[in-house]
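The next block holds one structure in the form of structure tokens; read it before the comments.
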Amino acid sequence: MSCGVTVPYYSEPAVKISILPEVDSNPAAATFVLFNEDHTLGNSLRHLLMRNPRVVYCGYSAPHPTEEKIHLRIQTEEGYTAVEALQKSLDDLVSVCDHMLDTFTESVTEFATAIEASEGTADQMQE
Amino acid sequence: MSSAVDRKKRFVELKSNRIEHPSSISFPPVGAYEHEDVFSIEKFQKTFKVQVIKLTDDHIEFDFVGIDAALANAIRRILLAEVPTMAIENVYVKNNTSVLHDELLCHRLGLIPIYADPRQFDFKFAEDEATDINTIVLSLNVKCTHNPSAPAGASDPNVRYINSTAFSRDIKWVPQGPQAERFAEDPIRPVHDAIEIIRLRPGQELDIDMHCVKGIGKIHAKWSPVSTAFYRIMPQIDILKPIPSELVDKFVDCFSPGVMTVSTDSKTGTKTVSVANARNDSMSREVMRHPEFADSVRISRVRDHFIFSVESVGMLPSAVLVQESIKVLREKAMRVKLELNQLITNSNGETGAGDADVSEAS
């Protein structure tokens, strides 16, 4: 029975992303805060951002182990903004996932069909 | 590109006391990027390969080739902690006269894997009412009694008593609304029949209702869909100079079974050794303890070749779990992308409104 205390077993944050205030407003540098995220998304995005030649610096950190958020710092070269870089990395991650899912599904189907076929021949041999 | 740099990019080399260039070096300083260091989805689509090695409902082993550790690790982490399943969350104990008190009993019940497709259910958020699309109701009603037909002097509790143990198979599904119809073909039940919940003696009784909800392993391990999900990085063994015939057996014993193969010349009896299957090696580096094999072998790992092994608890087939984990990662990226666009539009909107005020004033 409930004893008056409810522990939320699943929740979504009201705010998913924010940008930390900077001293100057240079769009080529920003620190994004991603709420309810950890190394799973942080490291994936950092990897994709660092392979973008127009990104000068990228790093992420989990500021505190009990706070469910990460900081993602992006600095870019002139004429390119941190927001654009993040948008590109997110688009890239979506495409990577799409391709991974297609390729994986394809090879699982292929493998299962091959097994079925070989079992079929085994059955025929038994007959 | 020089072959030494190429080797560094492709392999992590193992030395007797250290690992050489372990971290990815695909991130050169700005201006020094080579074509292959720049990420492009077209290139990824060309180089990325998947190969399934073993496949059953419980276990899948497959290779991801042409992917960075950051992404492979994301998939592994999601499998462990973020692919949703259904598990018992609320337990309503109407009667419990067993030796275990309610809290421990509830904890044990929560950990029993429930065979239910989580994709057919919604998350139940704190403010939501329980409905047939976010909650499964189960009940456990077991009473232990003396067995009237037990032979005199029997000492085995299973013979002397009826229901001397409450098993997971005693948990019964109570379909709500259209659930009976929706899951008629594959009814909801505990994944395993013979999980011992508690032992009972005559007069002891359990009368319990349970509510299962959808959740993720990050919140509590009972929602984790895998028993294990891990990857190894593909071993690569190069024999740099021929191993003398008399040392071949000793050399072969330095590696895991099946890694090396020996061929014997039928006339002279000379043995030659070659690598048969580096995949099986445990990378023990035993060979480096023997000075006679110094400089004759090079052991490394292929940086972008991941051998995944995923064992399902049983709610979903192992291959489906991997598919779901990729979908979860995609969903994360989509969510951030949408909210980022919203954030940008909102902040632009604010400055836009400010400009309008200024023009009005002038």
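Per chain, numbering begins at 1; letters A, B, ... match sequence-line order.
- Considering all non-hydrogen atoms of both residues, A:Val108 and B:Ala319 come closest at CG1-CB, 4.1 Å.
- Taking chain A as the reference chain and counting heavy-atom pairs below 4.5 Å, the highest number among B:Asn73, B:Ile78, B:Val322 is found for B:Val322.
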Item checked: Chi angles and distances behind the salt bridge (charged side-chain N to carboxylate O under 4.0 Å, His left out) call for B:Asp68, A:Arg51 -> CA-CA 11 Å; B:Asp68 189 84; A:Arg51 289 182 67 183; 5.6 Å; no
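- For B:Leu338, no part sits under 4.5 Å from any heavy atom of chain A, backbone or side chain.
- Only the side chain of B:Glu82 has a heavy atom closer than 4.5 Å to any heavy atom of chain A.
- The contact between B:Leu55 and chain A is made by backbone and side chain atoms together, counting heavy-atom distances below 4.5 Å.
- For B:Lys54, the part lying near chain A is the backbone, with the side chain staying farther off; criterion is any non-hydrogen pair under 4.5 Å.
- Using a 4.5 Å cut-off between heavy atoms, A:Ser18 contacts chain B through its backbone alone, with no side-chain atom that close.
- In terms of heavy atoms, A:Thr40 sits closest to B:Lys332 at CG2-CE, 4.3 Å.
- Closest of all the heavy-atom pairs between A:Leu41 and B:Ala333 is CD1-N, 4.5 Å.
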Next item on the list: Begin with the C-alpha distance, continue with both residues' side-chain angles, and end with the deciding distance and a verdict on side-chain contact (heavy atoms from CB on, under 4.5 Å) for B:Arg77 and A:Asp38.
Entry: CA-CA 10 Å; B:Arg77 286 172 61 94; A:Asp38 53 17; 3.2 Å; yes
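- Residue B:Val336 forms a side-chain contact (heavy atoms from CB on, under 4.5 Å) with just one option from A:Leu90, A:Leu93, A:Leu45, A:Leu72, and that option is A:Leu90.
- By the 6.0 Å contact criterion, CD on B:Glu127 is enclosed, its count of non-hydrogen atoms from other residues, nucleotides or ligands being greater than 12.
- Looking at B:Leu329, the atoms closer than 4.5 Å to chain A (heavy atoms on both sides) sit in the backbone and in the side chain alike.
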Next item on the list: Give the intermediate values and the outcome of side-chain contact (heavy atoms from CB on, under 4.5 Å) for residues A:Val96 and B:Arg330.
Entry: CA-CA 8 Å; A:Val96 164; B:Arg330 185 184 191 280; over 6 Å; no
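- Contact between A:His47 and B:Ala70 at its shortest, heavy atoms only, is CB-CB, 3.7 Å.
- B:Lys49 places none of its side-chain heavy atoms less than 4.5 Å from the side chain of A:Thr103.
- Residue A:Phe111 touches chain B through its side chain alone, counting heavy-atom pairs closer than 4.5 Å.
- Residue contact with chain A, scored on non-hydrogen atoms closer than 4.5 Å, involves the side chain of B:Ile41 exclusively.
- Rounding to the nearest 0.5 Å places CG of A:Asp92 at 5.0 Å from CZ of B:Phe39.
- The environment of A:Glu67 atom CD is dense: over 12 non-hydrogen atoms of other residues, nucleotides or ligands sit within 6.0 angstrom.
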Item checked: Derivation and outcome, side-chain contact (heavy atoms from CB on, under 4.5 Å), residues A:Phe35 and B:Glu339 -> CA-CA 11 Å; A:Phe35 295 93; B:Glu339 303 248 348; over 6 Å; no
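- In this structure, the portion of A:Phe32 lying under 4.5 Å from any heavy atom of chain B is its side chain and not its backbone.
- When all heavy atoms are compared, the tightest approach of B:Ala74 to A:Ser44 is CB-OG, 3.4 Å.
- Chosen from B:Lys218, B:Gln51, B:Met334, the residue pairing most often with chain A at heavy-atom distances under 4.5 Å is B:Lys218.
- The CD1 atom of A:Ile19 sits 6.5 Å away from the OG atom of B:Ser347 when rounded to the nearest 0.5 Å.
- At a 4.5 Å heavy-atom cutoff, the contact between A:Leu34 and chain B is made by side-chain atoms alone.
- Using a 4.5 Å cut-off between heavy atoms, A:Asp102 does not touch chain B at all.
- Contact tally against chain A (heavy-atom pairs below 4.5 Å) for B:Arg335, B:Lys327, B:Lys337: the top residue is B:Arg335.
- One side chain, A:Thr105 or B:Gln323, offers a donor N or O that lies under 3.5 Å from an acceptor on the other.
- Note that CG of A:Asn52 and OG of B:Ser40 are 11.5 Å apart. Values are rounded to the nearest 0.5 Å.
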